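Reminder, nothing fancy here: chain letters follow the sequence lines and each chain counts from 1. These numbers were taken from a predicted model, which means no experiment stands behind them.
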Amino acid sequence: MNDQETPSTSPSRRDFLYGTGAAAAATAVTGLAVAETPAAEVQPAGATPASGPGALKVTLNVNGREVQANLEPRVTLLDALRNYLDVTGCKRVCDRATCGACTVTLDGKVVYACTVLAIEAQGKQIRTAESLFNEGKPDAVPAAFVRADAQQCGFCTPGFVVAMKTVLQDNPQATPAQIEKGLQGNICRCGTYEQMRDAIYALCNQKRT
Amino acid sequence: MPWPTTRRLIGTKIQRLDGVEKATGRAKYAFDIKRPRMLFAKVIRSPHAHATIKSIDTAAAEKVAGYRALYQIKKAGASVFFAGDEILAIAADTEEHLEDCVRAVRIEYTVQPHAVREDDALRSKTNTTGGPGGNNINAAGDFSTDNFENAFNGLAATHQADYGVGVISHQCLESHGLVAEWDAKQENLTVWASTQAVPNTAEGLRVHFKLKPGQVKCITNYMGGGFGSKFGPDIQGIAAAELARTTRQAVKLMLDRAEEVTVGGIRPSAYGNVKIGATKEGQIRAYEVECHGTGGISRGATVSFAILPYVYGPAIPNIKRRHRVARTNIQIARAMRAPNHPQNSILTELAIDDLAARLNINPMTLRLANLPPNDQAEAQANPRTFVGQRATIYRTEIEIIRKMCGWDRAWHAPGQGGKGVVKTGLGMALHTWGGGGRGPNPTRVTINQNGTVVAQSSSQDLGTAQRTVTAIIVAEILGLQPTDITVNLGDSSFGPSTPSGGSTTCPGTSPAILKAAETARDAFLTSLAGRLNVQRNQLSIAPGVVVNMANNQRIPFRQACGMLNVASIQGNGDWPTQKELQGNAKLREEWTTRLSNQGVGGVQIAEVKVDTETGVVKCSRFWAVQDCGLIINKLACESQVAGGVIMGLNYALYEECIYDRATGRQVNPNMEFYKLAGIADMPSIKVHMHDMPERGVIGIGEPPTIATAAAVGNAIFNATGVRVPIAPYTPERVLAALANRRAGNG
């Protein structure tokens, strides 16, 4: 992000998004060219015409279900899911793309939901940890976490589960080392990594030495 | 009422009951609660480490869209004593509008001098932290054995050096906070709180609002980490409840990450100059320490003064210690996992290895020669107490870990860690903790006519698998599986319970659960005996069935429940009162040394690889041997130990609160510059539980995090031959120590 866009010396991310116009920020975080364009004129590809700062109707596809909410453009995907849609498997912990507790997938790609705007996520398939429980049963990945006791307080766990599930979805033959690499954007404070490795090896049908 | 001698479930590995809910994101923590028309609230805090509030102007904020109410915590003229000190709280309809409101508040300060580093606080000629006294120093202990001045005379080796560990933060992933909601008549308050003490949190609010017992209910179904920092509503919880009352709407107030780190709790630092000496046979004869530390504005000690030197104290005849608290303009310290024991460990165990090097003996040998002796009188009075057998426990555990890690083969003299750039070393340390339980922890077990079984207490599951512990014990007694038991915890309306701190929950609740389960079982069989026209003693429980010995009939449990002529059978269990325990030695022995107990040992060994060019230390393998009496759930118990080790590795290698001398603020109140390990940073951790079922249930939360950093520090010394004095052992500090050695110092 350009220095000239930074409105104050120590902005919170929301200050930044608010201060610069959400649409411009949206293009910045998606890596497109940033221009000093009035918000209303910016139309990121695939999104509804941007507006704001007032609330607008946003449609999201969450775990296969179309849901709508009136959101200001500055609302992150994480806050939209948690505060407006009551989907709380993604947790707000660091709120700045460090800890991974808010990990969800967007069109199958893992993202930190705290660093994606809700309006950017429109038209994409959003999947949270809740999607890994169907017909009364957990998916193989959360089931492996439970069997290995790879969670204590459990606040970080849905993020780890989504990250691990995505590695295996991308590569069903992933090795334990590859799966572990896929978890490096997540932090657990209770210290369940040893048991997570047990879960990983179990999912790979490999014996830990 | 003893524990069953044949145990079908207790002590085995059992998956936690709520594992699937948590792993699939469906478990609702306090942070996840969404109530109808719920407002959001935030606390506005001082940016200055020490200041007087000149003026507070909320006029603009009150005009912002979405503004609902404010709650004044401090008034103009009041002082603030750390960056993060609370001034007022605001409620708004959305978090977005709340941010706008917060931004519109104008507060002016008269900035005062501050001290945020220990050395600045020790030098300060004024009191910058409030309360009595003309400076920032508190004497916190001065002790000496008789004739200490001659203690070091004639010893074969002495070593004197500085050691220490900095301030760290609890960094609970679920931050502190709660959702507060009053009923329509504004009489009864319900809070969904992230707390380690459900009834205490309700009580704190009840007292604040001057309500009658039962008018405040606290609910904590799931809890995202506390580590000693969450025992009451806190100021932000009171603010949320006040705002909820003013607005007649539910209010959620959870701290953001920067707040969580700057006001949600710190563990105090400890730095000391240690002198230690031994005979040529390796008998430690003298230990002297001059130490200080800071717990922010707290006046409390930052070491466990009475047991410094740690573990080995009872074996060392000459001891002198002095402790000063350096009060700084930082949040007040909170209890953190084994309060003050890691600091004691650092100030003892590192000196032991440095002394072993001076004596040119193996540090394991030196430890074995200086174990705290078994107290013979205690051992005779009651063979199950810790002090009566501590040397035996440590000796056994050291022998187990020696074989586990191949110490005899792998250990080498300090500095002999290999010819390459990366040096390998092994280090060890011991620890101890109390971990005893107490009442009240009333538990109710209900057997229903429809075959369901419900266990209920107000105790909380912090991730310790307390819910599962409850189910295991009830299922053991009723011949069922843990998944057959519905466990309801974390609701203050279920009665009192002890806070989950100090590794006291499992030992505090397990005997009460056992009693409730047995009482329910006996009432159930008595009732059934009436229905079957047999004597009560002709009925017994076997796995899945009630056995009628009169006719050798085995009635499936659910079917037996269906025969009841009442809707449900209840059994209540709790501890005897303190008065009853004090007045009855036999009862006391049963509850505090057979059903539960206190006092554990524990030994840990780290293997590290030190890159002498970059200063990066990688812990490559780790071993932990731990006793905790009768183990209820071996799976969760081993998880606790490995988790404690990882917390220890974090403060050994990565995490520290760093405060800026000029601004008085913490520079890393976040998770990117406050370093916590990811999975790739962590070694393989081998845990061995030294099971001692005859001792009863003892807590396991604190002990496994105590010795870890000292073991790592000693492993670095073993690898490089250079002592890195202060934890965390960051690349910068490792390189500085190596450079210092090259320069011929140290």
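- Side-chain contact between B:E174 and A:K91 is absent, with no heavy-atom pair separated by less than 4.5 Å.
- A salt bridge (charged side-chain N to carboxylate O under 4.0 Å, His left out) with B:E95 is found for exactly one of A:R74, A:R82, A:R92, namely A:R92.
- Using a 4.5 Å cut-off on side-chain heavy atoms (C-beta onward), A:V161 and B:K22 make no contact.
- Between the side chains of A:Q195 and B:E638, no donor N or O sits under 3.5 Å from an acceptor N or O.
- Side-chain contact between B:F227 and A:C190 is present, with heavy atoms from C-beta onward closer than 4.5 Å.
- Both the backbone and the side chain of A:E180 come within contact range of chain B, with heavy atoms under 4.5 Å apart.
- For CZ of A:R208, the number of neighbouring non-hydrogen atoms (other residues, nucleotides, ligands) closer than 6.0 Å is greater than 12.
- Looking only at side-chain heavy atoms (C-beta outward), B:S639 and A:Q152 come within less than 4.5 Å of each other.
- Heavy atoms closer than 4.5 Å to chain A are found nowhere in B:F622, neither backbone nor side chain.
- Ranked by heavy-atom pairs under 4.5 Å with chain B, the first of A:C156, A:G154, A:G159 is A:G154.
- Closest approach of B:M671 to A:T98, counting heavy atoms only: O-CG2, 3.2 Å.
- A:D149 places a side-chain heavy atom less than 4.5 Å from the side chain of B:R16.
- Both the backbone and the side chain of B:S684 come within contact range of chain A, judged by heavy atoms closer than 4.5 Å.
- Heavy atoms of B:E655 lying under 4.5 Å from chain A belong exclusively to its side chain.
- The closest side-chain heavy-atom distance from A:F145 to B:V20 is not below 4.5 Å.
- Residues of residues 127-135 of chain A having a heavy atom under 4.5 Å from any heavy atom of chain B, listed by number: A:A129, A:E130, A:L132, A:F133.
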